[in-house]
Every structure is written in structure tokens, then in C-alpha cells.
Amino acid sequence: MSAQAGWIVRKFGGSSVANAECIERAARLIAAEPAPRQAIVVSAARGVTDALFDLVSRAERQDQEAASRLEALGDRHRTMASALLASREARDTFERDLAADLRNIADILHATAIVRAASHSVRELVAGYGELWSSRLIASALRERLDCNITWLDAREIVTIRPGELGPVVVWPRARAALAERLDPDYTGVVLVPGYVASDETGVQTTLGRNGSDYSASIFGALLHAQRIEIWTDVDGVLSADPRLVPDARIVPTLSYHEAVELAYFGARVIHPQTMAPAIEHGIPICIRNSFAPESPGTIIGATIDAEGAVKGITSIDRIALLNLEGTGMIGVPGTAHRLFGALHDAGVSVVLISQASSEHSICFAVPEGDIERAETAVRRAFDAELREGQIESLGATRGHSILAVVGEGMAGVPGVAARLFGALGGAGVNVRAIAQGSSERNISAVIDGRETTRALRAVHAGFYLSPHTLSIGVIGPGRVGATFLTQLASQAERLRAERHLDLRVRGIATSRRMLLDGRSVSLDGWSDALARDGADCDLDRFADHVQSDQLPHAVIIDCTADRAVAQRYADWLARGIHVITPNKKANSGSFGYYEQLVRQRRASRVHYLYETTVGAGLPIIQTLRDLRETGDEIHSVEGILSGTLAWLFNLFDGSRPFSDILREARERGYTEPDPRDDLTGGDVASKLVILARELGLRIGLDDVEVESLVPAPLLGLDADSFLDRFAAYDAAMAERHAVAAAAGDVLRYVARLDAGGSASVGLERVPASHPFARIALTDNVVRFVTGRYHENPLIVQGPGAGPDVTAAGVFADLLRLGTYLGASL
Ligand code: ADP
Ligand code: ASP
Ligand code: MG
């Protein structure tokens with residue numbers, strides 16, 4: 001090797017060279033690299049290798065479509081060439097070579113169709129063409145774009161392999177000699193290398209196995225004594241889990257070689273497991289980068305082990321079969337395991353995981369599902385005598401499993417990793433069939449039901465990576481209160497995450513008609529547009545399923561509607577473990593049986609149901625009442641003004657203006673319900689009183705409350721506007737009530753009263769001007785608790801009791817309270 005500046009090997013995966021646009025992007029990355037010596041290893045364009053394998057299978061079935069599919073592959077490459085290559089000559093050369101390859105493949109397919117079977121080597125031969133095409137195309141494209149040497153190196157002439165235990169093994173001396181022959185040691189510029197392809201010892205074209213271009217990159221890294229190897233792919237690096245299965249997966253900044261091998265072996269497709277060996281030997285760091293986001297730093301795989309974070313990643317392998325060899329005859333018999341694995345080895349079955357109980361009563365091992373028959377036959381043959389004589393009672397085999405593995409070098413020194421893993425699996429209801437811990441203690445693996453893989457991965461990922469105080473939130477009814485709440489949350493979410501480690505993620509918003517769901521979190525800036533643009537038809541079952549995702553530890557639904565049907569769902573949600581927060585009065589003031597059920601559920605499980613804002617908006621009324629009761633105070637009575645609307649009306653009504661006039665103004669200011677009669681009938685106040693009464697332990701319902709309605713009976717049947725017109729006719733009567741009260745130094749107030757005996761009433765009363773209920777302002781609510789302890793001087797809670805701002809803040813406060821119940825420290 002020359003003493004020149006070193007080589008950098010950069011591998012572009014299938015998605016990074018999927019089409020002309022991607023190749024253009026890769027070319028820019030190549031052009032931007034200052035190193036004068038780059039070896040570019042490329043994969044086939046995305047999907048091409050699969051398509052080539054498929055052609056062979058079709059030919060074996062004599063499927064007529066094989067020919068047209070081959071032609072389509074040719075078209076796809078010709079299209080890319082005409083988009084990328086400006087020079088006619090370059091295009092012609094590319095197309096001529098391509099046409100020759102397509103003819104070869106057509107011949108092979110033809111022969112395959114005749115014999116109706118393709119050997120392993122035929123399959124491998126065909127599979128490698130994709131890399132030849134992509135690398136030739138990129139070499140030509142770079143020649144037109146870069147002003148330096150560009151050489152296409154035929155990897156088949158350099159990399160000779162022979163089969164090994166764990167996959168193909170490179171015949172290094174031959175490879176080194178072949179490279180020296182083909183590349184001047186002083187060469188500067190770019191070398192283009194097709195990944196994946198190689199030759200067998202007889203010189204026939206073959207491959208390094210699926211995903212093998214990563215391995216090609218490290219083989220060339222070793223041959224060129226590269227300074228570093230870069231793997232350019234379509235994700236930001238090695239992530240803590242497969243991002244398609246775990247949306248919360250995050251970049252792992254550094255990995256040791258061994259951790260990377262382990263992750264790759266256990267299914268992290270982002271890097272081929274054999275890639276690390278040549279790099280380890282020559283101490284070459286491997287960087288995983290995103291060709292679609294080159295600004296992201298990616299993952300560095302190297303020799304150093306970083307002490308931080310015991311668990312680096314979580315992976316899974318699907319389609320695993322579990323075999324269990326059982327029998328008392330194995331106890332204390334030396335060499336059983338040896339015989340077993342010897343037999344499997346001889347049958348060419350690779351054992352993915354072994355677990356043996358220390359009693360030696362049984363040995364359980366996992367193999368790829370495709371190997372199950374071979375494995376069974378081999379084991380039965382090896383233990384034929386023991387099986388016949390009953391020393392081994394059974395050999396059981398089950399399919400449909402998967403293996404979940406957590407990987408990290410630091411695990412050995414950190415207690416509690418296994419507990420956390422199995423705790424998370426248990427919490428998600430995932431049954432573990434077998435467990436193995438690698439003796440390196442770099443990995444713990446569990447065999448689980450294959451159908452539960454995604455759920456298991458997400459739960460385990462949440463267990464290790466997310467703050468236990470991450471909440472998945474669904475908001476139903478983003479009207480005035482709901483929308484204000486979302487705005488308030490948006491302004492505090494970042495601070496709460498940074499300073500309080502409380503990660504509040506709104507992952508769903510639903511109106512009565514539409515809903516917006518997001519795997520991570522809905523952007524709180526533009527949710528309303530997004531809901532209109534991307535929202536789906538509202539389906540509250542799907543909404544709840546989404547909010548209660550396996551990937552996050554806790555779920556809460558915030559119901560900001562006034563809808564009875566939504567309230568009817570709380571029981572279901574609580575039963576499923578979804579916490580509920582609501583200002584909606586319907587559930588707690590409706591049927592007593594339902595209310596009791598909700599309380600029972602709340603008390604029986606660790607699920608929380610919070611509804612402070614059903615009475616007095618953001619004022620601490622329910623909490624105060626509960627504190628009084630639970631600390632053993634004796635509550636004699638609860639009285640107060642519980643409607644912000646009625647408070648405002650009677651605060652303003654001093655006889656100088658007709659009452660209907662004031663009502664009209666209140667409606668215009670948005671202080672009343674759209675139909676002001678909903679406030680004036682007293683039903684709303686009665687509902688609040690029922691909620692308080694039940695909180696006190698009283699078994700009462702709306703029917704038990706004596707209600708004075710301020711809506712004259714003849715006006716009940718009208719529409720809202722005609723009601724307002726006709727209501728003026730009653731102004732005189734109201735003025736009269738006011739005058740009588742005023743003459744005695746009293747004021748009119750709409751008061752709710754409840755005593756410990758269960759008598760409950762709401763209505764318009766005369767209250768002395770010095771009474772606390774008289775001295776309120778605007779929309780103030782006031783509640784007076786007379787108790788054993790607060791007797792002489794009752795406990796009073798007073799303040800604004802209506803309006804979206806204070807109600808939303810009350811909902812927000814309930815959410816933070818939930819956060820503290822779940823362990824956050826605020
Ligand atoms: P390329 O074609 O670039 O070789 P691959 O498709 O072979 O890309 O590998 C990248 C893919 O690996 C990612 O898109 C991702 O879906 C998958 N993957 C699985 N596990 C992981 C992981 N732990 N980290 C990153 N990606 C992963
Ligand atoms: N093209 C090959 C495959 O799809 C090799 C690779 O992309 O790494 O397996
Ligand atoms: Mg790959």
C-alpha cells in the first residue's frame with residue numbers, strides 16, 4: 001500500500017440508489033468528500049435483488065410472466081440511464097452491456113424452466129446482476145460529474161469466497177493479490193465497486209448473501225486499509241429498534257463492534273452481521289449515515305465500549321421454531337448437549353438460541369422455521385435409542401415464534417436489566433416461552449409468540465428508553481376549552497419535558513366527525529388545519545386503540561365534550577387502563593350506577609379518573625371536598641354559586657336595565673350557552689350539585705334536586721331567538737323581585753345548597769349584601785363548606801368559575817396531577 005492519503009470506503013444501499021434522483025443525491029455526497037481516494041461500494045437499486053430471485057422462482061414454475069418481468073427490470077435501468085447520462089456514447093455503452101446481461105439471464109431462466117429447478121449457484125448467479133448494473137451506471141454518471149479518475153472495479157475478480165460456518169469466508173491472499181493486480185497503489189480518485197457479488201473458488205459468480213453489500217464494503221475497507229467505512233442508508237444510523245416497528249426508536253450514537261454484531265445477528269437489518277469482522281481485524285471504524293439526511297451525525301461503530309446506557313438496542317427475529325427435548329434420561333448424562341448440537345450442525349441447521357434448565361431435564365432450542373423438519377429428523381436420528389427406550393420422553397416442536405433480544409455491552413455491570421425486560425413483557429401481557437442470556441452478557445433473548453412481536457418490542461423499548469413519565473394523550477372535543485388547553489399545553493410542553501421529565505404527547509385529536517392520529521405526536525401548532533386536511537372519519541374505538549399504544553407507558557383520554565355518548569365510554573377506557581380526565585359533567589351527574597362503577601374502577605386499579613373542572617372550572621373544589629372528607633372532617637353543608645353565567649347576570653342586574661337586556665349582552669359576549677335557557681333552567685347548576693353530593697358520599701341524582709328554573713314555562717318550546725324576544729315580557733316580574741330584595745338591603749343570587757342529610761336545592765334567593773355570596777365579581781363562583789373543623793368560620797373557595805382559559809388550565813392541572821401520580825416530580 002502506498003504512503004499516500006488513506007482510503008475511505010463508502011457503501012450506498014439499495015434505497016440510496018433506488019432511482020435517478022437518489023443516485024444524483026449520492027453523486028453529490030461523493031463529490032463533496034474531500035478525501036482524494038474513495039471506494040464506492042453500491043447495492044442494486046431497491047427491489048432489484050428481490051425481483052431477480054423472483055424471476056428464478058417463476059422460471060422454476062414455468063411462469064410465462066418471467067420474460068416480461070425481466071424486460072421490466074431492463075426498462076427500469078434504461079430509464080435511469082437516460083435520466084442520468086447526458087452523453088449518447090455513455091448511454092449506448094451502458095445499454096449494450098445491459099442487453100448482454102439480460103440475454104444471459106434469459107438463457108439461464110430458459111434452462112431453469114426446462115429442468116424446473118434452479119440450483120443454489122444458479123440463483124446466486126442471477127441475483128448478483130443488480131449490483132453490476134447499478135455500479136456501472138453510477139460509474140458513468142460520476143464520469144460526467146466529477147473531474148477525477150473514476151474506475152469500475154469488478155468485485156467478482158477480486159473477492160473469492162468459500163462457504164464457512166457462519167456464512168461465506170473471504171480467501172484473503174487471493175483477494176489481496178487480485179486487487180494489487182488491478183489497482184495501482186498510487187491511484188487517486190474514485191473506485192466504483194459492485195457490492196454483494198463475488199466468485200466462488202471455481203471462478204463462478206456468486207454473492208455474499210442477502211444484505212451482503214455491507215460486507216463487501218468492509219472487505220474492501222480491509223483490502224484498502226481504509227481510514228473508515230461509511231454505510232449510507234435510509235435511516236439516521238443504527239436505531240435503538242427497527243423504526244418501522246417502534247416509531248420512538250432513537251439514534252444510537254456509538255456502538256462497539258460486538259454490540260453491532262449482536263444487533264445485526266438478532267435481526268437489525270441496518271447492517272449485515274459479517275461486516276464487522278474485517279473492520280475489527282484492522283481497527284477500522286464503521287459509520288452508518290443517512291443519505292437522505294447527511295447532516296445527521298449517524299452511528300459510529302468502533303472498538304471502544306461506552307459506559308453509558310446498559311442497553312443499546314432491541315431487535316427481533318421472526319419465523320422461529322422452538323424445539324424441546326425432554327426426558328429424565330438426560331439428567332446427569334454427560335455430552336447430551338454436545339450430541340444434540342453436533343447432530344444439528346451436521347444437518348446444516350443453525351441454532352439461534354439455546355436454553356437449558358440446570359436440572360438438565362430438558363433442552364430447548366430455537367431454529368429458523370424453514371429448518372424445522374431438518375432439525376427434527378436430525379435429532380430423532382441422533383437420539384433414536386433414547387427415544388425408543390423412553391429415556392427421552394418427547395421431542396416437541398412448535399412454530400410461529402419470534403426472538404426478542406436486548407443488546408448492550410454494559411449490561412453485565414448493571415443490575416436490574418433482566419427485571420426490566422421481563423417486567424415490560426409481563427406488563428404488556430406477552431408470554432415468554434424460553435430465555436437465554438449470552439455468556440458474553442451482551443444480550444438477553446426471549447422467545448415469544450410471533451404475533452406479539454411488535455407489541456413486545458414497543459413495550460420493552462418504552463421500558464428501557466422512554467421516561468416512565470411519557471404520556472400518550474388523546475383529546476376529544478377540541479372546542480373552546482379543548483382548543484385552549486392544546487394552546488396552553490403547546491406553550492409548556494417543552495419546558496415540562498426538559499425540566500420536569502414529563503413528556504406529554506398529544507397523539508390524537510377527535511371531533512364528533514373527524515380525528516387526527518399521529519404515531520409520535522400531533523404538531524400542536526397546526527393541528528386544526530391538519531385535522532381538516534389529513535383527518536379521518538371519527539371512530540372512537542380506533543382512537544382509543546391508537547392512544548393506548550404499546551410503545552408508550554401510559555395513556556390518557558381528555559374528554560372536552562359535553563356529550564353523554566362519549567361519557568358512556570369512560571368505563572371501557574378505565575377498564576383497559578386508559579386514564580380519563582374531563583370537564584364533562586355527564587358521567588358523574590348521570591345514572592348513579594354508572595358513577596359508582598367509575599369510582600369502583602378507579603379505586604380497584606391503578607387507573608386515574610380526574611374531573612376537577614366539572615365544578616367551578618379551574619377552582620379547587622372537588623379536591624378540597626375530597627381532602628376534607630378523607631382527612632375525617634365532618635361535612636355539614638356545601639353551598640355556593642356554581643354557575644359563572646348566572647353569577648355574571650345577577651352581579652350586573654341592579655334594576656337599572658331590563659334583565660332580558662343583560663341576558664342578551666351575556667349571550668353576545670359568549671358567557672352563556674348558545675341557547676341561554678340551558679343556563680337559566682338551573683339544570684347545569686343542579687348537575688354540579690349532584691357531582692358534589694356524590695363526592696360527599698350521598699346517593700343522589702338529578703331528580704333529587706329541587707330546581708327553580710328561571711325560564712317561564714310558556715317559553716320552553718320556542719327556538720332560542722324567539723325565546724329572547726319573548727323573555728322581555730317577564731322583565732317586570734324580575735325587576736319586582738329585585739326591588740323587594742333591595743328594599744331589605746339584600747341582593748339576588750342563584751344559589752345551590754346541599755346538606756349532609758341529602759337535601760339539595762338550586763334557585764334564586766335573596767342574600768344579605770354582606771354575605772360572601774353577595775360579594776362576588778363578574779363570573780366568580782364561590783363555594784362555602786361548613787364542616788366540623790371549619791365551623792365558626794366556614795371554608796370558602798372563590799374565583800372565576802367559567803371561561804375557556806380557566807377551565808382549560810384546570811384540565812391541564814389535572815393532567816399534571818396525573819403526571820405526579822405516575823411518578824413525575826413537579
Ligand atoms: P440498505 O438498502 O441501505 O442496505 P436496508 O434496508 O438493508 O438498507 O437497512 C436499513 C433498514 O433497516 C432501515 O430502513 C430500517 O427499516 C431497518 N432496520 C431494522 N432495524 C434497525 C435498527 N435497529 N436501526 C436502524 N434501522 C433498522
Ligand atoms: N442487493 C443485495 C440485497 O438486496 C445486497 C445488499 O443490498 O446489500 O440483499
Ligand atoms: Mg442492507
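None of these values were measured; they are calculated from a predicted model. Numbering of ligands and ligand atoms starts at 1, following listing order. Side-chain atoms are counted along with the backbone in the values below, which use heavy atoms only and exclude waters and symmetry mates.
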Identify the protein heavy atom lying closest to [atom], giving its residue, its atom name and the separation to 0.1 Å.
atom	value
atom 8 (O) of ligand 1	T233 OG1, 3.2 Å
atom 4 (O) of ligand 1	K11 NZ, 3.0 Å
atom 4 (O) of ligand 2	R210 NH2, 3.0 Å
atom 21 (C) of ligand 1	D242 CA, 3.8 Å
atom 7 (O) of ligand 2	S43 OG, 2.9 Å
atom 24 (N) of ligand 1	L239 N, 2.8 Å
atom 6 (O) of ligand 1	R269 NH2, 2.6 Å
atom 17 (C) of ligand 1	R244 NH2, 3.8 Å

Exercise. Looking only at heavy atoms, is any part of E131 under 4.0 Å from ligand 2, and if so is it the side chain, the backbone, or both, or is it neither?
Worked result: side chain
Exercise. Regarding S472 and R507, is there a side-chain donor-to-acceptor distance under 3.5 Å anywhere?
Worked result: yes
Exercise. Going by atom types only, do W232 and E230 share a side-chain donor-acceptor pair under 3.5 Å?
Worked result: yes
Exercise. Are any of the N or O atoms of G14 closer than 3.5 Å to those of ligand 1?
Worked result: yes
For this session: For Y196 and S216, work out which heavy atoms get closest and say how close.
Result: N-OG, 2.7 Å
For this session: Please report the shortest heavy-atom distance between S218 and P278, naming the atom on each side.
Result: OG-CG, 3.3 Å
I'd like to check which ligand 1 atoms, numbered from 1 as shown, lie under 4.0 Å from a non-hydrogen atom of [X].
X	value
V235	13 (C), 14 (O), 25 (C), 26 (N)
S15	2 (O)
G237	24 (N), 25 (C)
V238	24 (N)

Is any side-chain N of the basic residue among [X] and [Y] closer than 4.0 Å to the acidic one's carboxylate O?
X	Y	value
R58	D54	yes
D101	R136	yes
D503	R505	yes
R123	E60	yes
R228	E33	yes

[X] heavy atom under 4.0 Å from ligand 1:
X	value
S16	no
A241	yes
G267	no
P243	yes
R46	no

Exercise. E259 pairs by side-chain contact (heavy atoms from CB on, under 4.5 Å) with which of M411, K312, M276?
Worked result: K312
Exercise. Say you draw a straight line from CD of Q227 to CZ of R37; how long is it, rounded to the nearest 0.5 Å?
Worked result: 9.5 Å
Problem set entry | side chain to side chain donor-acceptor pair (under 3.5 Å) assessment of S316 paired with T453 | CA-CA 7 Å; S316 61; T453 314; 5.8 Å; no
For this session: With the side chain counted from C-beta on, respond yes when L52 and L73 share a heavy-atom pair under 4.5 Å apart, and no when they do not.
Result: yes
Exercise. Side chain, backbone, both or neither: which part of N211 has a heavy atom under 4.0 Å from ligand 1?
Worked result: side chain
For this session: Classify the contact between K312 and ligand 1 as side chain, backbone, both or neither, using a heavy-atom distance cut-off of under 4.0 Å.
Result: neither
Exercise. Is N211 close enough to the Mg ion (ligand 3) to have an N, O or S atom under 2.8 Å?
Worked result: yes
Seminar exercise, completed: The side chain to side chain donor-acceptor pair (under 3.5 Å) partner of D214 among K11, Q274, R269 is K11
Exercise. Does G130 have a non-hydrogen atom less than 4.0 Å from ligand 2?
Worked result: no
For this session: Classify the angle between the aromatic ring planes of H282 and W172 as parallel (below 30°), tilted (30 to 60°) or perpendicular (above 60°).
Result: tilted
Exercise. Is T49 close to ligand 2, meaning an N/O of one under 3.5 Å from an N/O of the other?
Worked result: yes
Problem set entry | For atom 13 (C) of ligand 1, the option (of D214, V270, D234) bearing the nearest heavy atom | D234
